[in-house]
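Only this structure's heavy atoms are used, side chains among them; waters, hydrogens and symmetry mates stay out. A note on names: the letters A, B, ... follow the listed sequences, proteins ahead of strands, and every chain is numbered from 1.
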Amino acid sequence: MTVARLGDWRRTHQAADIRPEMEGEEVVVMGRVGDIRDLGGIKFFILHDVSGFVQVTAPKQKTPQAILDQISKLTQESSVAVRGKVVRASQAPRGVEVVPSEIKILNLAETPLPLDPLGRVKANLDTRLDARALDLRRQEVRAIFRIKNVALQAIRERLLSLGFVEVHTPKIVATATESGAALFPISYFEREAFLSQSPQLYKEVLTGAFERVFEVGPIFRAEEHDTTHHLNEAISVDIEVAYATASDVMDILEDLIVRAFKAVADRCGSELETLDHRLEVPKTPFPRITYTEALQILEKAGVKIRWGEDLPTPAERKLGELVGGAYFITDWPLAIKPFYTMPKEEDSKLSESFDLMYDWLELASGGTRIHQHDLLVRQLKSKGLNPESFKSHLLSYRYGLPPHAGWGLGLDRLTMVLTGRENIRECVLFPRDRRRLTP
RNA sequence: GCCCUGGUGGUGUAGCCCGGUCUAACAUGGAGCCCUGUCGAGGCUCCGCCCCGGGUUCAAAUCCCGGCCAGGGCGCCA
């Protein structure tokens, strides 16, 4: 069947704004069809929009046959526009309903649907992601992205108020911006290029011009990881600050995390309830333990890690149990941090670096960066990298780049913590992992 | 890439251990009919499934092998 165009119809109200006091008013509401109940002499359907829902009621006696026929054709999740009168009705959900005088079927949903949008029968994550367009209409799923949005807004507003400039660095890059980690090669006209794995080098350079910059953007990693907390495309919140050290940017990070938690706690009560998640705003200051102390804590708990090794996942989980909540691990061995990491002045085996953990999950990492050209070249070489391939980047360090520090925060991981989800795929609209490239 | 577990109607599960009683069950869904107050409506009728390939066997959803896929645990990873 053909479906109607919108034409000159416009909403007069959102569904949730239809109230019993409006009895007798003519309204136009638009949304998607939920439950349809046909009792023979009276037909009901629930119209959902972004605000909530309202019941549309068509009693046979008072409704033209053409409209009754249209209602019989409706399928769940179809888009409709309803012009009608508001009727106060104690039997109706919310005590109010719309009795239609005209209906436009704007688009009919196919049947059967690939999953139950009302969630009465749970679907597996894989099934849900295959039908993500439908899945995203579910209340729980929308709650996740509303929370993500509120958290990001809180972070962005705070950074702007601190005088940060929001920047956008290239996502198509010529060479590896960093050591070893795999990049996605792409074809750039007649040359090979790569998808950027981090805005790191660009944001450092930008401190020379803007002093305080931040970026919210995608990062791409071509690693074949297969876990609940890694994706091949993720959203990173990155900052970089001139005339600052690791400890300064840790203070900023701590403040932002608390603000994000508070914003969600204050503004997303119903979303948290929908998700059945209790959110506790972390207390400040966050514990700051050094890498070496972390190893001692682990050793006492029977987990032995050789000094100088990165923390394997099981050790992180243990640390999450022992410390818990939001905490920093600082002063990492220089050897396991990237080449641009500043060595500690008093012990060059260590670095001015930190990870922000929440329970066992690494949310952010950062530190003081090297701003001196010659030291940077030495560090590149000691990592087995060729300074030649960083030539254009190194140029920036010859023009008096200020000392600077910064961090990168995984927004999708932060969303996991804020929503209590255990799989990062839940927290990304259209996730990209080792096997999933669609939708 | 490794380990564990799994793959049964559109969706979610039971059945598998112990092969036959499975032309596969339950819920939800879909198609249709009845019903003027439903609100996870109710009643009736119907529809729809054993991941792919190979093997064992008189007989395979069930046992074995391989593949693919999924969930989890690792690894990898700024």
Side-chain angles (χ1 to χ4, degrees), chain A residues 34-46 53-63 68 72-73 75-77 87 89-97 99 109-131 134-135 138 176-183 196-201 219-232 234 236 238 310-317 332 336-341 351 353-356 360 362-367 369 383 406-410 413 422-423 425 433-436:
Chain A
D35 279 325
I36 306 163
R37 293 188 202 95
D38 183 350
L39 274 66
I42 186 166
K43 297 178 199 294
F44 305 96
F45 69 90
I46 305 295
F53 72 91
V54 68
Q55 176 167 280
V56 178
T57 303
K60 202 171 181 177
Q61 299 289 317
K62 300 178 197 159
T63 312
L68 294 172
S72 323
K73 275 184 229 150
T75 54
Q76 208 176 104
E77 291 302 315
V87 174
S90 58
Q91 316 97 307
R94 296 182 40 238
V96 69
E97 59 198 13
V99 176
E110 287 180 11
T111 59
L113 295 169
L115 50 81
D116 173 12
L118 297 175
R120 286 167 197 153
V121 178
K122 290 220 183 319
N124 290 323
L125 182 57
D126 193 49
T127 306
R128 290 173 41 208
L129 291 176
D130 282 342
L134 257 191
D135 183 51
R138 295 173 49 230
T177 47
E178 300 218 13
S179 49
L183 296 164
S196 166
Q197 62 167 290
S198 156
Q200 181 64 32
L201 303 181
I219 56 173
F220 304 93
R221 310 243 160 122
E223 296 296 333
E224 299 194 1
H225 33 50
D226 191 5
T227 77
T228 53
H229 50 287
H230 287 85
L231 289 174
N232 295 293
S236 174
D238 269 88
D310 208 346
L311 298 182
T313 308
E316 288 180 320
R317 287 186 195 274
W332 290 78
I336 56 173
K337 284 290 168 183
F339 69 89
Y340 49 77
T341 308
S351 64
S353 62
F354 61 87
D355 281 6
L356 172 68
W360 61 276
E362 179 191 327
L363 293 185
S365 65
R369 326 296 194 180
K383 295 271 176 193
W407 44 253
L409 165 71
R413 286 191 182 180
E422 278 168 9
N423 192 318
R425 280 156 260 251
D433 65 28
R434 176 71 190 90
R435 290 185 191 81
R436 182 173 289 279

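B:C39 atom P lies 18 Å from atom CZ of A:F45, rounded to whole Å. If you take CD1 of A:I219 and P of B:C77, they are 15 Å apart, rounded to a whole angstrom. Between the CZ atom of A:R120 and the C1' atom of B:G29 there is a distance of 11 Å, rounded to whole Å. Separating the CZ atom of A:R434 from the C1' atom of B:C69 is a distance of 13 Å, rounded to the nearest angstrom. The distance from atom CG of A:D130 to atom P of B:C69 is 13 Å, rounded to the nearest whole Å. What separates CG of A:D38 from P of B:G30 is a distance of 13 Å, to the nearest Å. The nearest whole Å value for the distance from the CD atom in A:E77 to the P atom in B:U28 is 19 Å. The nearest whole Å value for the distance from the CZ atom in A:R128 to the P atom in B:A70 is 16 Å.
For A:H229, the side chain to side chain contact (heavy atoms under 4.5 Å, CB included) test picks out A:T227, A:W360, A:L361, A:R413, A:M416, with sequence neighbours left out. The side chain to side chain donor-acceptor pair (under 3.5 Å) check on A:T57 picks up A:Q55, A:E97, with sequence neighbours excluded. Scanning for side chain to side chain donor-acceptor pair (under 3.5 Å) contacts around A:N423 gives A:R425, with sequence neighbours left out. Legend: residues meeting salt bridge (Lys or Arg N to Asp or Glu O under 4.0 Å) with A:E77, ordered by chain and number and at least two apart, are A:R32, A:R137. Looking at residues two or more places apart in sequence or on another chain, you find a ring-ring contact (aromatic ring centres under 6.0 Å, His included) between A:F354 and A:F328. Partners of A:R317 under the salt bridge (Lys or Arg N to Asp or Glu O under 4.0 Å) rule, at least two apart in sequence or in another chain, do not exist in this structure. Not counting sequence neighbours, the partners of A:P114 by the side chain to side chain contact (heavy atoms under 4.5 Å, CB included) test are A:A131, A:L134. Applying the side chain to side chain contact (heavy atoms under 4.5 Å, CB included) criterion to A:P314, with sequence neighbours excluded, gives A:P312.
Rounded to whole Å, the P atom of B:A25 lies 15 Å from the corresponding atom of B:G15. Atom P of B:C34 sits at a distance of 31 Å from the matching atom of B:U11, rounded to the whole Å. Only the P atoms considered, B:G71 is 14 Å distant from B:U8, to the nearest whole Å. B:A14 and B:G6: their P atoms are spaced 11 Å apart (whole Å). Using atom P as the reference point in both B:C50 and B:U57, the two lie 26 Å apart (nearest Å). Comparing the same atom, P, in B:G40 and in B:G29 gives a spacing of 13 Å after rounding to whole Å. If you take atom P in B:A61 and the same atom in B:C17, they sit 12 Å apart, rounded to whole Å. Nucleotides B:G12 and B:G75 are separated by 30 Å at their P atoms, to the nearest Å.
In this structure, A:R317 reaches the sugar-phosphate backbone alone: every heavy-atom distance under 4.0 Å involves primed, P, OP1 or OP2 atoms, never a base. Residue contacts for A:E97: at a heavy-atom cut-off of 4.0 Å it reaches a base atom on one of the strands shown. Residue contacts shown for A:Q55 include a base, since a base heavy atom lies under 4.0 Å away.
RNA chain B contains the following stems of three or more consecutive Watson-Crick or G-U pairs, with both distances under 3.5 Å: B:1-7 with B:68-74, B:10-13 with B:25-28, B:29-34 with B:42-47, B:51-55 with B:63-67.
Closest to the side chain of A:P93, from the set B:C39, B:A31, B:G37, is B:C39. When distances run from any side-chain atom of A:L39 to the nucleotides B:C35, B:C77, B:G1, the shortest one goes to B:C35. Of the candidates B:G37, B:C76, B:U36, the closest approach to any side-chain atom of A:F44 belongs to B:G37. Which of B:G37, B:A31, B:G75 sits closest to the side chain of A:P314 comes down to B:G75. Distance from the side chain of A:T227 is smallest to B:C74 among B:C39, B:C77, B:C74.
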Using a 4.0 Å heavy-atom cut-off, write out nucleotides 4-13 of chain B from 5' to 3' as B (base contacted by protein), S (sugar-phosphate only) or - (no contact).
-> ------SBSS
Heavy atoms under 4.0 Å is the rule here; annotate nucleotides 47-53 of chain B 5' to 3' with B where the base is hit, S where only the sugar-phosphate is, and - elsewhere.
-> -------
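A heavy-atom distance below 4.5 Å is not found between the side chains of A:K60 and A:K43. Using a 4.5 Å cut-off on side-chain heavy atoms (C-beta onward), A:L409 and A:D238 make no contact. A 4.5 Å side-chain heavy-atom check between A:S365 and A:W332 finds every atom pair outside the cut-off. When side chains are defined from C-beta on, A:P338 does not count as touching A:K383, because their heavy atoms never get closer than 4.5 Å.
Between A:R434 and A:D226 there is no salt bridge, since none of the side-chain N atoms of the basic residue sits less than 4.0 Å from a carboxylate O of the acidic one.
Applying the side-chain hydrogen bond (donor to acceptor under 3.5 Å, both in side chains) definition to pairs two or more places apart or across chains, those involving residues 114-126 of chain A are A:D35-A:R120, A:D126-A:R436.
Remark: the A:H225 side chain and the B:C77 base include no donor-acceptor N/O pair separated by less than 3.5 Å.
Residue A:D35 is the one, among A:N423 and A:D35, whose nearest nucleotide of RNA chain B lies closer to the 5' end (criterion: closest heavy atom). Take the nearest nucleotide of RNA chain B for A:A92 and for A:R425: the residue whose nucleotide is more 5' is A:A92.
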